[in-house]
Amino acid sequence: FIDNNTFKNNGETDTGRAIGLYEVDDTIIYNNLIESNDYSGIVLTVSNSNSIVHNTIKANGKYGISITNELPFISANNTIKDNTINDNTDNAVYIDGIYTTLINNTIKYNEKDGIQILANGARTTIQQNNIVDNEENAIHVMGNNVLVTSNTIDGNFRAILVINSRSPTITNNTIESGEQGIKIQNTTHAFVYNNTVKDNSGYGIFLQYGSHSGQVKYNTVKDNSDYGIYLYSSNLAEVVGNTIQDNSGYGILASSSKLVEFKSNALTENDDGGVKYVDCDYCNLTSMTIIDNGGRGIWFSSGSDNNYIKH
């Protein structure tokens with residue numbers, strides 16, 4: 001049990017840290033002030049089932065919290081809860097361990113990502129966090145089977161970036177006032193459900209470069225300064241039941257994609273138009289509501305073949 005301490009101005013090299021656990025299990029780090037250390041605030045290496053709870057971790061020279069491995073040995077089942085992590089020089093939270101849970105943290109004003117999940121960080125859960133004004137991504141996922149749910153994300157460069165992953169689940173998040181909403185790249189079987197993505201200066205939801213078999217369902221995407229939902233070079237997607245309104249670009253843009261189903265989406269008052277296809281084949285529109293958009297309602301251009309429209 002490590003509790004009620006102040007750790008400040010420690011470390012003179014890039015290996016220094018305020019609290020470091022190595023091959024330590026079942027420890028609670030609680031209610032500490034960890035501030036202005038030369039390197040990272042808390043580092044767990046090859047450590048399992050530890051809890052980092054209700055700490056203030058700020059203005060450290062590298063990460064706020066880092067969970068790492070020494071392969072083949074890994075860190076697993078650690079919990080990061082109810083912390084305030086702000087103004088750190090790199091990522092606030094850097095995770096390479098498996099089965100990590102981050103819940104109800106406030107993560108703000110860090111100089112890189114709010115939360116970064118590396119390729120080994122499979123099955124991480126990111127839930128009910130408040131992530132504000134970090135300079136790069138609020139949440140950056142490279143691990144498989146990561147759950148991102150019920151977070152409030154405000155004013156970061158990009159809210160959620162998922163890259164080179166499999167089967168991420170992104171649900172019930174509120175994303176607003178950043179540059180880009182949700183970007184999924186080279187990631188298969190993404191499930192994007194019931195998010196509100198609004199007031200961003202770029203696109204709302206973007207699947208690109210081999211993000212095949214994605215599902216984008218029942219999201220509200222509005223008042224963004226580019227396209228609402230954009231698919232590029234991503235096949236076999238299902239885009240269903242979304243409300244897409246008042247975006248500056250097209251409500252939906254699909255480019256260089258095949259075998260996509262757009263069904264029961266409502267597209268209203270998007271400035272450039274409703275739906276645009278560029279080089280899309282077998283991309284079908286079913287039971288769509290497309291009204292009061294600024295340009296064309298539906299535009300199939302540049303080699304888009306074998307598509308159908310039906311009620």
Connected via hydrophobic side-chain network under 4.5 Å: [X] and [Y]:
| X | Y | value |
| --- | --- | --- |
| Leu231 | Ile298 | yes |
| Ile29 | Val24 | yes |
| Ile65 | Leu44 | yes |
| Ile184 | Leu161 | no |
| Ile163 | Phe206 | no |

Spacing of [X] atom [atom1] and [Y] atom [atom2] [to the nearest 0.5 Å]:
| X | Y | atom1 | atom2 | value |
| --- | --- | --- | --- | --- |
| His189 | His212 | NE2 | NE2 | 10.0 Å |
| Leu207 | Gln185 | CG | CD | 10.5 Å |
| Asn195 | Lys217 | CG | NZ | 14.0 Å |
| Asn88 | Ile85 | CG | CD1 | 7.5 Å |
| Ile103 | Asp82 | CD1 | CG | 8.0 Å |
| Ser51 | Ile28 | OG | CD1 | 5.5 Å |

Answer yes or no: is there a donor N or O on one side and an acceptor on the other, between the side chain of [X] and the main chain of [Y], under 3.5 Å?
| X | Y | result |
| --- | --- | --- |
| Asn307 | Cys280 | yes |
| Asn247 | Asn224 | yes |
| Thr187 | Ser165 | yes |
| Thr124 | Gly121 | yes |
| Ser75 | Asn69 | no |
| Ser177 | Gly155 | no |

Just by distance, with hydrogens left out, do [X] and [Y] show a side-chain donor and acceptor under 3.5 Å apart?
| X | Y | answer |
| --- | --- | --- |
| Asn306 | Asp281 | no |
| Gln128 | Asn104 | no |
| Asn219 | Asn242 | yes |
| Ser66 | Ser40 | no |
| Asp3 | Asn31 | no |
| Gln245 | Glu269 | no |

Would you mind telling me which of [options] makes a side-chain contact (heavy atoms from CB on, under 4.5 Å) with [X]?
| X | options | value |
| --- | --- | --- |
| Asn265 | Val239, Val221, Thr286, Ile290 | Val239 |
| Thr27 | Asn48, Asn78, Leu21 | Leu21 |
| Asn105 | Val53, Ile52, Asn83 | Asn83 |
| Asn120 | Ile67, Leu71, Ile98 | Leu71 |
| Ile244 | Val197, Ile229, Thr289 | Ile229 |

Working for side chain to side chain contact (heavy atoms under 4.5 Å, CB included), residues Thr84 and Ile57: CA-CA 6 Å; Thr84 298; Ile57 305 167; over 6 Å; no
Sequence neighbours left out, cut at 3.5 Å: what donor-acceptor pairs do the side chains of residues 135-150 make with other protein atoms?
{"from": "Asn137", "atom 1": "OD1", "to": "Arg158", "atom 2": "NH1", "distance (Å)": "2.7"}
{"from": "Asn137", "atom 1": "ND2", "to": "Asp113", "atom 2": "OD1", "distance (Å)": "3.0"}
{"from": "His140", "atom 1": "ND1", "to": "Asp113", "atom 2": "OD2", "distance (Å)": "3.0"}
{"from": "Asn144", "atom 1": "OD1", "to": "Arg166", "atom 2": "N", "distance (Å)": "2.9"}
{"from": "Thr149", "atom 1": "OG1", "to": "Thr171", "atom 2": "O", "distance (Å)": "3.3"}
{"from": "Thr149", "atom 1": "OG1", "to": "Thr171", "atom 2": "OG1", "distance (Å)": "2.9"}

Pair Ser234-Ser257, side chain to side chain donor-acceptor pair (under 3.5 Å): steps then yes or no: CA-CA 5 Å; Ser234 295; Ser257 300; 5.3 Å; no
Taking the side chain as everything from C-beta on, heavy atoms only, tell me whether [X] gets closer than 4.5 Å to [Y].
| X | Y | value |
| --- | --- | --- |
| Glu70 | Tyr22 | yes |
| Ile175 | Ile160 | yes |
| Leu285 | Tyr308 | no |
| Ile126 | Asn151 | yes |
| Asn129 | Leu102 | yes |
| Tyr193 | Gln215 | no |
| Leu267 | Val275 | yes |
| Asp226 | Ser248 | no |

Ring centroid separation Tyr232 to Tyr209 under 6.0 Å: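 Yes, ring centres under 6.0 Å apart.
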Near-ring test Tyr230/Tyr203, centroid separation under 6.0 angstrom: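 No - the distance between ring centres of Tyr203 and Tyr230 does not fall below the 6.0 Å cut-off.
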Over 12 non-hydrogen atoms of neighbours within 6.0 angstrom of CZ in Phe157: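 More than 12 within 6.0 Å, yes.
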More than 12 heavy atoms from other groups under 6.0 Å of OH on Tyr282: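 Counting other residues, nucleotides and ligands, OH of Tyr282 stays at 12 neighbours or fewer.
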Ser301 vs Lys276, side chain to side chain contact (heavy atoms under 4.5 Å, CB included): CA-CA, chis, key distance, verdict: CA-CA 7 Å; Ser301 73; Lys276 182 178 180 180; 4.0 Å; yes
Nearest atoms (heavy-atom pairs only) where Ser47 meets Thr45: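 In this case the closest contact between Ser47 and Thr45 is OG-O, 2.9 Å.
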Asp90 and Lys112 ion-paired at < 4.0 Å: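 Salt bridge present between Asp90 and Lys112.
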Contact list for residues 70-125, test ring pair (Phe, Tyr, Trp, His ring centres under 6.0 Å), sequence neighbours left out: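 Qualifying pairs: Tyr63-Tyr94.
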